[in-house]
Structure formats: structure tokens, C-alpha cells
Protein chains: 2
Amino acid sequence: MANIQEVARKAGVSVATVSRVLNNNSNVTEKTRLKVKQVINELSYEPSRLGRNLRNSESRLLLVLIPNISNPFYSEIINGIEETAVKQDYNILLCETNSDSERESIYINLIKNRMADGIILMDPTVNKKKLHELSETYSIVQCSEYDKEGNIPFVSINNELAAYHAVRYLIKIGNKKIALINSDEKFLYARERKRGYEKALHEFGITGYSDLIYHTDAVSFEDGQLAMRCLLDKKEKPTAVFAVSDILAIGALKEINASGLKVPSDISIVGFDKIAFSNMTYPTLTTISQPMYKMGCASANMLINKIKGKQVENITFDHELVIREST
Amino acid sequence: MANIQEVARKAGVSVATVSRVLNNNSNVTEKTRLKVKQVINELSYEPSRLGRNLRNSESRLLLVLIPNISNPFYSEIINGIEETAVKQDYNILLCETNSDSERESIYINLIKNRMADGIILMDPTVNKKKLHELSETYSIVQCSEYDKEGNIPFVSINNELAAYHAVRYLIKIGNKKIALINSDEKFLYARERKRGYEKALHEFGITGYSDLIYHTDAVSFEDGQLAMRCLLDKKEKPTAVFAVSDILAIGALKEINASGLKVPSDISIVGFDKIAFSNMTYPTLTTISQPMYKMGCASANMLINKIKGKQVENITFDHELVIREST
DNA sequence: TATTGTTTTGTAATCGTTTTCATTATAGAG
DNA sequence: CTCTATAATGAAAACGATTACAAAACAATA
């Protein structure tokens, strides 16, 4: 495999000139440029990014930390990140943390080792203090789930408002006994969506159903089923369910169907995220849509700007209530 | 940010010794080792992989080329790849090709530029000749979808046999008019699964239903719906459907439900892949399960072995027919 | 033609490691 | 205490690019 030296020798120029041609940078005579390009072709030379990276002290890699790649919510975000990154000559290093802080710190080391130029964090499980320290030295942005305290920039939506809209809608179509299937409240989004839920109930003077809140261990279909089974066992069954994730909602839906009750006539259900599959369930799922793809694009741009040393501003995207058959 | 020179100076040793401590390689006195480690801590020094990579002429990055990250089939494979790679101190560079050969070749350049040590290809859209040329110089393995012609090693299943099993099962439970929802036959798996379908029909002497084969443009829920709508419009409706992907099957299922027909009493349906969703549909989907995670692990191991210069053998995993409510 | 200014090119240092080979320190044997 | 064998260390050359600075080539002007 040829290197820049060989090209220079064969073309009868210096490596500096070859490098200049490569980066079509400063002024090189058309004649030499042509000659060099010809030799590059003859030797089918490809510049090594290893050398270039070392010299430039950059990896042109963005580290993307997600809890779980199988969750379609993240797939869409990653789509956006990748698209945006590639346009600006970056690549993404996708790493799945499984919300395990040990695993996460293995990956975070990649930035300390200069193998990544920045991090897009989807689910910070690392302890806050460490994270904030880290963000003073390195370029980090948060996407979707974030930590308010520090000053690490983030891209997200207004979770409280979105949940409020969902629940208000359930109330307006006649529901009072509205269950909440929430995930672990260690997540900001979980706390915020719960607050939106409570706010809507409070606003319409609905009280006394605090046992209709269920917290799942994780976000999986099975957790959704489990939650719903639990809720159906209550002496006062809910007439509607708001789940903080489509995945949970779909599990719940399955459980309702299995119990012989009908959606939406017996129980209405609203999910969150508008994953592709939410339109394939029976019945189709009413849900809150987040602009996942755009959020991915925005966080990649934000990170790249941060790497370049620019000042960046937090972004809050709009959500939308998508009404379908489950309500 | 400290470098190895500073550590060496502060510890009063040479960079060689520091490097040896770092790689806890050859013999370093316990005393100096301790001293060096202490300085490393004091300076919170982290070795740069950029320097190391250049020196070692490796990137320790595996390029994973998938057509579409949103397809849960691939997510599971990626899980396996990543898990395996990380254990051996590799990271994965995940790249989505969208089955676009131009995009694919951008990514393939990464290996020419030494930014990746090898490639796991899921959906070779690059032209075959180029691919085979490439594989003479670089380490490449194929996973799931592959090209038989060349001698690029692959990990897959026996698609023909799997399809044969699915269709034979449909026949045995009493179906004759069995539709096939296939994807584009540019894919090997599509051609093979079709052959399995035909083999089963032929074996049981079923003929005359060749208009019950539908080819979709892509693999999406919508394509599945479209296909089913088309099949339901035939004068002789099928009593069973075999779809070459769960995604297509789920779309088809949706369409059958929408048309007022019942699954499985009116129409039975079998999918392929056993994605997580397939257990959440109404009714749950009978499907062929592939060991996606294990396939991911196997292809990562295979690639790493190839990078190390070892000889590798193709692997064909077993499939399994998972009978659920849709049949 | 000599002088100046502007392009174009080359030399050599640099990025941060690893590793070969030479050298020095240490221990063990006589 | 000296001599050897071995273990521990260091000096310096890679790896393959980029780039500051110096030098050479060229063009323009007097």
C-alpha cells in the first residue's frame, strides 16, 4: 500500500506538494497538480487517515451513546445523526450502554483516548458530577434525555407539556379514571411526563386515582403487559391509559386485547414516540410524535459546532398529538 | 492534555519504559512500574489511540454496513457484533447504506483509508467484481445476505430450507392456495426463500397458483399492506400467506384485519425473522426464527480472525419454525 | 539587466505512540 | 572481588500525514 512518500518520489515532487494536492489547498501549478494526480491514480494511492488524524489531533468520529439499539425510537434519531455527520465528513461510533454505567465509562474513555471528537449522550447513567467535569474538557451534547443541572447543551422536547396534552385529550373525550404507565423516575422524561399527567388531572379537578400510576422496571413490551395486567386487577379499572412510551403502550394494548376488553370502547390508550410499529397495531395507536430524525440532525450539528469551539444553544422541538384508533 | 513524554520526564524514565508499563508488557521493575503509574495518575494521563493506531497501523474499528438501521432484524445482529467486538477491544463503525451503492462506496473508502480494519457486510449492493477485488486486499465478511460466487466468507442460515419448512407447515395444516410475499429478487435470500416455497408446493403437487406471488419494492410495513391488498383483490383469494419478512407479514396482517377477514380462520400467515414485534401483533405471528444475535457474534469473530490472518470457514446457523396464533 | 514582488515548491519539524537494538544495572557463581 | 548471564532501561527510528518557514522559480517593473 503506497504512502505519500512514494507518490512524491514517483511524481518528482515533495510530500508537501502531494499533501497540497490532496487537500486541494493552497496554490499548486496546474501542471504539477495533474502530474501528482496521475501518479496517485497509477499507484491507486489512498491517504491514510491514521496519519492525518494524528497530525491533526482529531479522529473525525462522533461517539453516540444509546441505551438500547433495538428501540426504534433511537434508530430514527441515529438516522438523523448519521446523515448529518457524514455530510460534514464525520463518522459515528455507535455504542450501546444498556444503561450500564460501567459499560458507559468504557465508551467514554474513547474520547479521553482521542478516538472520538465528541459525544452525543442519549441516556446519561454516569454520575452527574463526573459528567459535568467531563463536559468541561470535552465536547458533549445530550439528546432526548438530559440532565438539567449542568450546562451541557441538549436537544429535546417539552415532555411535561406533551404529556399534559395527551392526558388533557383523554379527559376531554370523557375519561376520568386515567392510568399512567411510567418508566423509572430516574429518567427526567419520566418525571416530567408524570408532572404533565398530574397537571392535566389537577386542572380538571380529577383526584383520588393515585393508585393508577405504575412504574415499570425497563421499557419493553413485556413491561407494558405486566403493567397493564396489574392495572386491570385493580378494583377500579381505568377507562384510559397513558403510557410514556409506545413500546409500553403496545404491550398494554396486547394485554387489554388478551383480557377480552376492547380498545377504545372499554379502554382508551395513548402512547408516546410514534414509532413506525405504532401504526400497525390493532387498533392503531394514538400517540405523541417527536421529531426523532430532526432531533438527531440537530444534536449532530450542535456537537460539531461545539467541537469547532462555537457557542451552542439548547433546542426544544415541538411535539404533536397523533390521534388514531386507540382513543 | 499530557502525553507520554511528559509522563516519562516527570517519572524520570524514558518513554519506552512508560510504554512498557502502559502495555504491561515485558519486564519492568516493580519499583519503576509503581513510580510510572503514580505519575500517570497525577497527570491523569490517557494514552492517545491516534498515536498508537498510527504506529500499529490499525484502527481497531470494524465497519458494519447495514441497509437500514430501523429494521429490528439488524438491530439484533448489531447487538451481537458489538458485544463481541468490545470484548476484543474493537469498536464498531455503524454505517447505513440505504442500499445505495454510492453511499456504500463512501463507507468502503473508510477501509482503504485505514480507518477500519475490516468490514461486515449485510447487504452488498456494490458490484460483485469490485467486491471480490476488495476482498483480496481487505478483510471482509458477509452476514445474513451474501454473495455465493466469490470466496468471501459468510454467516447465514439455510434460507431455502427455512422457507420450505414454513410452507410445508402451511400445507400440512390444510392450505393449498398459499401466497408468497417476496421482496426484490436481487436479494439472494429472496431467491432462495422463493425456491423453498416452490419446492414445498411442488412436493405436495400443488400447482396453478403462480399469480399468488407478489414482489415488493422494499421491506416496509406499507409494502406488506400493499402486497396483501393486491392479493385480496385476486379472484381466488389465498387461504394462507408466507411473507419473507416479519415486517411484510405484519403489514399484511394489518391489511387482512382491515378488510374484515379473520386470521387465522380465514387466512393463515407466516413471517420470517422473529423480530420482537412479531409477538405483539394481533394475533401473534407464526414465524421462522433466525439466531440474529448469534449471527452477529459469529460474524464479528469471523472478521476479527480474518484480520488476524487466520483461515475462516462459512457458518450456517439453524432456523426454527415458531408456531403462534396466526396459523 | 537588475530589482522587486509574487507564486510555487521543498525541508524539516511535528503529532504520540511502539519497538528494535544497544546499553546499563543487577544478581549469581566462582 | 571479578566475571558472566540476565534483567531493566534508554536512544532513536519508525508509522503517514500536515504545515511553518525557507528557498527557489517566475513575472513584472524600472
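Letters go in sequence order (proteins before strands), and every chain restarts at 1.
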Please produce a list of atom pairs where a protein N or O lies less than 3.5 Å from an N or O of nucleotides 14-16 of chain D.
residue, atom, partner, partner atom, Å
D:dA14, N3, B:Arg55, NH1, 3.1
D:dC15, O2, B:Arg55, N, 3.3
D:dG16, N2, A:Gly51, O, 3.1

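Counting non-hydrogen atoms under 4.0 angstrom, A:Glu58 reaches nothing in the nucleic acid. Residue contacts for A:Val13: at a heavy-atom cut-off of 4.0 Å it reaches the sugar-phosphate backbone alone, with no base atom in range. Residue contacts shown for B:Asn53 are absent, as no nucleic acid heavy atom lies under 4.0 Å away.
Annotation: of the two residues near DNA chain D, B:Ala16 and A:Leu22, the 5′-most nearest-nucleotide partner is B:Ala16. For the pair A:Arg49 and A:Arg20, nearest-nucleotide mapping onto DNA chain D gives the more 5' position to A:Arg49.
Ion pairing of A:Arg103 with B:Glu83 is present here, as a side-chain N (NZ or NE/NH1/NH2) and a carboxylate O approach within less than 4.0 Å.
A:Glu104 places no side-chain N or O within 3.5 Å of a backbone atom of A:Thr97 that could act as its donor or acceptor partner. Checked by atom type and distance alone, the side chain of B:Arg114 pairs as donor or acceptor with a backbone atom of B:Lys112 at under 3.5 Å. Between the side chain of B:Ser59 and the main chain of B:Met115, a donor-acceptor pair closer than 3.5 Å is present. Formation of a donor-acceptor pair under 3.5 Å by the B:Asp273 side chain with backbone atoms of B:Ile275 is not found in this model. In this structure, the side chain of B:Asp184 engages the main chain of B:Lys186 through a donor-acceptor pair within 3.5 Å.
Contact annotation: B:Thr17 reaches the phosphate of D:dG10 (side-chain N/O to OP1 or OP2, under 4.0 Å). Of the side-chain N and O atoms in B:Thr29, one or more sit less than 4.0 angstrom from OP1 or OP2 of D:dT9.
Here A:Asn314 contributes atom CG and A:Gln142 contributes atom CD; the two are 8.5 Å apart, rounded to the nearest 0.5 Å.
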TODO: Quick one: do A:Ser99 and A:Asp123 satisfy side chain to side chain donor-acceptor pair (under 3.5 Å)? Show the steps, please.
DONE: CA-CA 7 Å; A:Ser99 295; A:Asp123 167 21; 2.7 Å; yes

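As a whole-Å value, the separation of A:Ile40 CD1 from D:dA17 P is 10 Å. Rounding to whole angstrom units, CZ of residue B:Arg33 and P of D:dA8 are separated by 10 Å.
Bounding nucleotides for the chain A contact on DNA chain C, 5' to 3', at a heavy-atom distance below 4.0 Å, are C:dT7 to C:dG16.
Applying the side chain to side chain donor-acceptor pair (under 3.5 Å) rule to B:Arg60 yields the partners B:Glu58; only residues at least two apart in sequence or on another chain are considered.
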